[in-house]
Amino acid sequence: MSLGEKWAVGSFVQFAVIDREEDVYRVTEQLYHLESNRHELRAETSSPFYRATVPFAPHLFGSGKTTFCLSYLELVQRFRETSLSSFASDGSRKEFLDKLREAVLLYVDLRLLEPTDPKEKSLKWAVYYLIIKTACLQVGIPMMRKTQAYETVEMEALNLVTLLRDILNMRTDQFLLVAFDEVGVLDESDDEFHFKRTPDGRVRPYNDFFRILWELCLEDNVFFIVVGKSEGLSIKNYVASVSKVLLHFISLSPLNSSSIVEFLEKSHLKVQTQIRVCDILCNRSFSVNELAEALLEYTGGVPGLLTRAVNMLLNYVQTRGQSFRSKEDCLSCMKEDGFRTVCSQPFVTRISTLDESRRSVLDMLLMMALYRIPFKADDELNSESYLFDAVTEMGFYRYPIDDNTFQVLFPKVFIINLNNASSFSLLEKILLGSLNMEPVDCFFSSKCRVFEGIVATRLVLMLSSTIRNEFRELLGRLSAIWKEMKLPIHGPSPLHYMMSVSRGEARSESNKKRKTYGCNEWNEIIHKALCFDRVYIPKEVNSYSPDIMFKLQSPDDSNVLMVGVACKGRWKSEGIGWSDIIEEAKKFLYPVFNEFLSQALECYHCMLIIFGTKLALNVTSELGNQSRCYTSRMRIGGNSFEIPPNCELVILCERDVEMLIDREILNGLERAFSTSDNPPFGDLGFNLLRRARDSFMSWQ
């Protein structure tokens, strides 16, 4: 059976539209704003700050743009008594919502835009005639001839709206909502139409397009929604200053796990409408919640990827004639390279064909996704590009944290088509592989992991580098057991993620002091999760485990060393004191010894490395301004903590920390973290990430 036969993508499902309450509320609010201020828009004395309001969704393929346009009025009806009930808080808003329920939607696909007689080079006439043609097709009447339409409309907005009402059989007081899709085609229309040029000689087609919409917004009861792949923020800024149109972004967030459950329960077969998707794919031993978690893991909740994956699973079940027997049965399908390749093919074209200028920042976007660095809508990538736009241009997705803050989302299912590409650097492959290991729901956390992430990636490269490096040699001088370990390891591998060993533990007041692990948890981590030449990071940021863990072996397997790294990003004046160090040691060394090493062979050892950005004066004084290794039975912190047998505690001085992360990067992190515990891209800065990228590449 060929790949295409096994993983067919045929559609026989009516998919439900889920989780768009907030988008519907915002769009409704923006349309109301236009309606209530239309008289100001017409007035000659209108404030120069007033703009016509148009909802705008500049998103990538598969984000749900077209579906939202087509279903918006249906969603208004659905949410009228729920999320929209608070919108209709006064008489004028309630009247607007009542009229919106009776509105007519005209969906216009701009891919059909073309030069049109008798004014072939006029974008305005091409848009007008496309609207007229679409209206005729929508009601099933013969197409109006171009010359007849031109003579009727005479390039006047009022005449066009009057003609549309006649074609669509609308009352004059009835709302007309025109939804333009695929606005990104204007990027390739430079040679087809005459556009106005800016003072510096540039052509900006979107200015001309939205100027056309501004003129139409002067007419009563006409509204617009515009969606499509494009440089959204750049367009928004230019249009606001030139075309008197204020674009409001529609977020179209990826779905979360609970929304995917609702999606599976409300989607049904097109013919046998009583049969739901979840009835076919799930059973007593495989719940819809488990399926939703698996789909979120691979698709990131991106609607287009989600519907494609579900179609493929349904076709697979239909072909083999039986449903999935268990969660493992379903996951084994989704893990197959063939499934992931076919599922992601239409989505990864843009990433795999990036030009050189965009390829130069690919690894930094991957770092932002992996380290969960949030960014603001107006953060600049460089003097000519916004990060908001670069995410779309390069084939990534944005996950909104709030109205003005986003996170880079890179669906795991994409990686199979990219990880083996010869054009990708070693660093890019490590980052892609790390994203493949990391649970996708980590993307939906606003907690920044940039400091731990940079340390972990440097450790991967340090442990596997064939180039002599001072940091590895330093640890060999400090620790006799480290010196015996087999280094470099086999090859650079991605960061791996494990479930937090304290997952599921109650966080009640009475339980806050428990910072150790159960015996079974540690046995599972040490015997199964941790393996040779892997660097692990706990999945959950509130885990009691060290920030980074890995295991090394001696060449003849006579000794095994489990290493934990506690990253202490301390920027305040007091620095990292003995109490901080002892707390980390108690959390790691005690339970490892009590629950594992005390019952293991003598060849097993454990080391905790304190990797701190700033040490307290009393710590620095005792260390003698140099790194130090405390071995079994030694005491620290005024004899308050004794190192357990077969364990070592390494405290790095600030000078030696700079062997792994250079001073400029540390200074940049200090500036960023001085104002926020979760610094966004704007505080970290493009130069800091670029320097971190360059430092990684120096060890490749």
Side-chain angles (χ1 to χ4, degrees), residues 17 20 23-43 52-56 66-81 83-85 87-110 127-144 149 152-181 210 212-227 245 248 250:
V17 182
R20 292 292 178 240
D23 292 322
V24 169
Y25 189 97
R26 293 289 178 85
V27 169
T28 303
E29 200 167 44
Q30 290 149 17
L31 299 181
Y32 173 75
H33 187 269
L34 172 62
E35 176 67 5
S36 59
N37 291 283
R38 209 184 298 264
H39 62 283
E40 290 185 29
L41 192 62
R42 297 192 191 104
T53 304
V54 175
F56 181 42
T66 301
T67 300
F68 182 81
C69 286
L70 292 171
S71 58
Y72 169 70
L73 292 180
E74 174 195 333
L75 294 172
V76 168
Q77 297 278 24
R78 184 193 302 178
F79 301 140
R80 176 176 172 80
E81 303 301 328
S83 55
L84 284 178
S85 60
F87 170 84
S89 56
D90 59 48
S92 62
R93 283 174 170 252
K94 184 178 183 303
E95 180 184 356
F96 175 81
L97 196 58
D98 289 339
K99 293 183 70 175
L100 192 60
R101 293 174 62 195
E102 299 179 348
V104 172
L105 172 69
L106 185 63
Y107 172 80
V108 181
D109 188 344
L110 286 171
V127 170
Y128 273 24
Y129 186 69
L130 178 59
I131 296 173
I132 296 167
K133 186 167 62 172
T134 302
C136 292
L137 288 170
Q138 183 162 306
V139 296
I141 64 174
M143 201 77 65
M144 180 177 280
T152 303
V153 172
E154 295 181 328
M155 300 285 280
E156 293 291 336
L158 174 60
N159 293 343
L160 174 64
V161 173
T162 302
L163 177 59
L164 291 174
R165 292 191 181 281
D166 183 49
I167 294 171
L168 298 170
N169 194 26
M170 295 177 61
R171 305 188 311 272
T172 55
D173 65 341
Q174 194 172 2
F175 286 175
L176 171 62
L177 176 61
V178 183
F180 287 104
D181 198 356
F210 282 104
I212 295 167
L213 298 198
W214 178 83
E215 291 177 357
L216 289 167
C217 285
L218 298 176
E219 305 306 321
D220 287 332
N221 303 321
V222 180
F223 306 87
F224 298 94
I225 296 176
V226 180
V227 303
V245 174
H248 290 271
I250 310 171

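For this chain, numbers begin at 1 and follow the sequence in order.
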Query - Shortest non-hydrogen contact from Ile250 toward Pro55 - result: CD1-CB, 3.9 Å
Query raised in the report: Can you name the closest pair of heavy atoms from His39 and Ser36 and give their distance?
Result: CE1-O, 3.2 Å
Query raised in the report: When you measure from the side chain of Asn159 to the backbone N and O of Val153, does any donor-acceptor pair fall under 3.5 Å?
Result: yes
Report task. Verify, without hydrogens or angle tests, whether Lys99 (side chain) and Asp173 (backbone) share a donor-acceptor contact under 3.5 angstrom. Result -> yes
Requested in this report: Dump the intermediate steps for side-chain contact (heavy atoms from CB on, under 4.5 Å) on Met144 and Lys133, then the final yes or no.
Outcome: CA-CA 7 Å; Met144 180 177 280; Lys133 186 167 62 172; over 6 Å; no
Query raised in the report: Taking the side chain from Asp181 and the backbone from Val226, do they hold a donor-acceptor pair closer than 3.5 Å?
Result: no
Query raised in the report: About how many Å separate OG1 of Thr162 and CG of Leu158, when rounded to the nearest 0.5 Å?
Result: 4.0 Å
Report task. With the side chain counted from C-beta on, respond yes when Leu163 and Val161 share a heavy-atom pair under 4.5 Å apart, and no when they do not. Result -> no
Report task. Check the angle between the aromatic planes of Tyr32 and Phe96 and answer parallel, tilted or perpendicular using the 30° and 60° thresholds. Result -> perpendicular
Requested in this report: Find the distance between CD1 (Ile212) and OH (Tyr128) and round it off to the nearest 0.5 Å.
Outcome: 7.0 Å
Query - Chi angles and distances behind the side-chain contact (heavy atoms from CB on, under 4.5 Å) call for Phe223, Leu176 - result: CA-CA 6 Å; Phe223 306 87; Leu176 171 62; over 6 Å; no
Query raised in the report: So, the side chain of Arg20 versus the backbone of Leu75: is there a donor-acceptor pair under 3.5 Å, distance only?
Result: no
Requested in this report: Supply the atom-to-atom distance Leu84 CG to Glu29 CD, rounded to the nearest 0.5 angstrom.
Outcome: 10.0 Å
Query raised in the report: Charged N to carboxylate O under 4.0 angstrom, Asp98 versus Arg80?
Result: yes
Report task. Taking all non-hydrogen atoms of both residues into account, name the closest pair between Thr28 and Val76 and its distance. Result -> OG1-CG2, 4.2 Å
Query raised in the report: Is the shortest distance from a Lys or Arg side-chain nitrogen in Lys94 or Asp90 to a carboxylate oxygen in the other one below 4.0 Å?
Result: no
Query raised in the report: About how many Å separate CG of Leu218 and CG of Leu213, when rounded to the nearest 0.5 Å?
Result: 11.5 Å
Report task. Calculate, to the nearest 0.5 Å, the distance between atoms OG and CG belonging to Ser89 and Leu97 respectively. Result -> 10.5 Å
Requested in this report: Would you sort out whether Leu177 and Val104 count as a side-chain contact (heavy atoms from CB on, under 4.5 Å), showing the intermediate values?
Outcome: CA-CA 6 Å; Leu177 176 61; Val104 172; over 6 Å; no
Query raised in the report: Are the side chains of Leu168 and Gln138 in touch, meaning some heavy atoms are under 4.5 Å apart?
Result: yes
Query raised in the report: Do you know the tightest heavy-atom contact between Ala135 and Leu164?
Result: CB-CD2, 3.8 Å
Requested in this report: For Phe175 and Glu35, work out which heavy atoms get closest and say how close.
Outcome: CE2-OE2, 4.3 Å
Query raised in the report: Near Gln174 CD, under 6.0 Å, is it more than 12 heavy atoms from other residues, nucleotides or ligands?
Result: yes
Report task. State plainly whether the residues Arg78 and Glu74 are in salt-bridge range, i.e. N to O under 4.0 Å. Result -> yes
Report summary line: Looking only at heavy atoms, the pair that brings Tyr25 and Ser83 closest together is CD1-O, 3.4 Å
Query raised in the report: Among Leu31, Leu105, Thr67, which one satisfies side-chain contact (heavy atoms from CB on, under 4.5 Å) with Tyr72?
Result: Leu31
Query raised in the report: Hey, what do you get for OH (Tyr129) to OG1 (Thr134), rounding to the nearest 0.5 Å?
Result: 10.0 Å
Requested in this report: Without swapping roles, check the side chain of Arg38 against the backbone of Cys217 for a donor-acceptor pair under 3.5 Å.
Outcome: yes
Query - Steps toward side-chain contact (heavy atoms from CB on, under 4.5 Å) verdict (Phe224, Leu34) - result: CA-CA 10 Å; Phe224 298 94; Leu34 172 62; 5.6 Å; no
